[in-house]
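Beneath this line is the structure, given in structure tokens, with notes to follow.
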There are 2 protein chains.
Amino acid sequence: MPALPPSLDSFDLAILAILQRDNTTPQRLIGEAVNLSAPAVQRRIKRMEQTGVIAGNVAVIEPAAVGQPITIFVEVELESERAELIDAAKRQFSGTPEVQQCYYVTGEADFILIITVADMGAYEALTRKLFFDSNNVRKFRTFVAMDRVKVGLTVPLPG
Amino acid sequence: MPALPPSLDSFDLAILAILQRDNTTPQRLIGEAVNLSAPAVQRRIKRMEQTGVIAGNVAVIEPAAVGQPITIFVEVELESERAELIDAAKRQFSGTPEVQQCYYVTGEADFILIITVADMGAYEALTRKLFFDSNNVRKFRTFVAMDRVKVGLTVPLPG
DNA sequence: TCCCTAGCGAAACAAACTTGCATTTGGGAG
DNA sequence: CTCCCAAATGCAAGTTTGTTTCGCTAGGGA
């Protein structure tokens, strides 16, 4: 639960820039980089975590190293866009582990999915489960990633 | 530089499952969860970082909290697919901070981009810079995200 | 059988995080 | 203009966590 409109100053932004690159950086080093004491840095981080500016702290795993070398994009178009069916789709996609990311979009498609699988057989099985067994998917277009050129959740920061 | 073929056992996978959800979890707690001592956990984490299984440790920032509330997908189709021009495109996309993710794909498009911007004006300016000023973009299709249903870099783990 | 490597746990150690407290700073209200 | 309050800081403990050391225990070859 984000608390309130958090207003970030240049210290906060500088701290975020460091943390979204490497959140194991000691507060002491962050402090030196932004000209603040370690406790001050720590209090700001804590506040940003509580207000939801920092949504999480995670290790990034190389998919290929854990047997999921294939990344696939799917544009999904639904038959019906009734709110109830949209929500059902959101829930199903969210609950599927292979669906790494899911966005509800405007334009010629309704959803865009980023999927991680071990091989094309696994993808084929997944399409059956997600799209053919659903009675609400009109069509879907598949793009297989040949190169994950740039991957991350890094956000451009002002300043 | 990934060292060598790292073979992960069930301990490693259990540790990864925890870290990709919250990498601030103390090693002591991880140890309790997987039935290992804290030093053993720490050695395994270190090894996976050195071999590239763990690609990074990052804080996830809420884009809306830092003035980048709009997420946009772009399918980019190039005029020419000469290797040299592909590489040039990869470099330009990678070097653009607003391009959060960039994938080189098969199918009806050559690239898929995920872009983060403050408003549609910023997106319009970015399209000019990335697509119109480039002489190698045949066309591009834009999808604006209305809902970031599921966002992350979480990978499904075997076991 | 012997040795050798890899991995473990317990404990000692070092580093980082966290908290309490006094101080400073920047605004309003009187 | 002065006073007072709220917010944020730095410093210095105190606590937790991370890291290293060490001796031990398998598990494989030679």
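In what follows, every chain begins at residue 1, and chains take the letters A, B, ... in the order their sequences are listed. For the numbers below, each heavy atom of this structure counts, side chains included, while hydrogens, waters and symmetry mates do not.
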Ile15(B) CD1 - dG18(D) P separation (whole Å) | 13 Å
Does Arg43(A) get its side chain close enough to the base of dG10(D), under 3.5 Å, for a donor-acceptor pair?
-> yes
Using the closest heavy atom to pick a nucleotide of DNA chain C for each, name whichever of Ala40(B) or Thr25(A) lands nearer the 5' end.
-> Ala40(B)
Taking only side-chain nitrogens and oxygens of Lys46(A), does any of them come within less than 4.0 Å of OP1 or OP2 of dA8(D)?
-> no
When the distance from CD of Gln42(A) to P of dC11(D) is rounded to whole Å, what number comes out?
-> 16 Å
So what does Arg28(A) hit on the nucleic acid, given a heavy-atom distance under 4.0 Å: a base, only sugar-phosphate, or nothing?
-> sugar-phosphate
Ignoring the backbone of Pro26(B), work out which of dT17(D), dT19(C), dC8(C) is nearest its side chain.
-> dT17(D)
Nearest-Å distance, CG (Asp22(A)) to P (dA16(C))?
-> 13 Å
Please give, in whole Å, the distance from dG18(D) C1' to Asn23(B) CG?
-> 14 Å
Atom-to-atom span, CE of Met48(A) to P of dA8(D) - whole angstrom | 12 Å
Short side-chain to backbone donor-acceptor contact, Lys139(B) and Val76(B), under 3.5 Å | no
Taking the side chain of Leu36(B) as its heavy atoms from C-beta onward, which of dG9(C), dT9(D), dG7(C) lies nearest to it?
-> dG9(C)
Proximal nucleotide (of dG10(D), dG9(C), dT20(D)) relative to the Ser37(A) side chain = dG10(D)
When you get a sec, tell me which of dA12(D), dG9(C), dT19(D) is the closest nucleotide to the side chain of Gln27(B)?
-> dT19(D)
Are Val34(A) and Leu19(A) connected in the hydrophobic side-chain network, where two residues link if heavy atoms are under 4.5 Å apart?
-> yes
More than 12 non-hydrogen atoms from neighbouring residues, nucleotides or ligands closer than 6.0 Å to CG on Asp133(B), yes or no?
-> yes
Taking the inter-plane angle between the rings of Phe131(B) and Phe93(B) on a 0 to 90° scale, is it parallel (under 30°), tilted (30 to 60°) or perpendicular (over 60°)?
-> perpendicular
Taking atom C1' of dG10(D) as reference, at what distance in whole Å does atom CG of Asn35(A) sit?
-> 13 Å
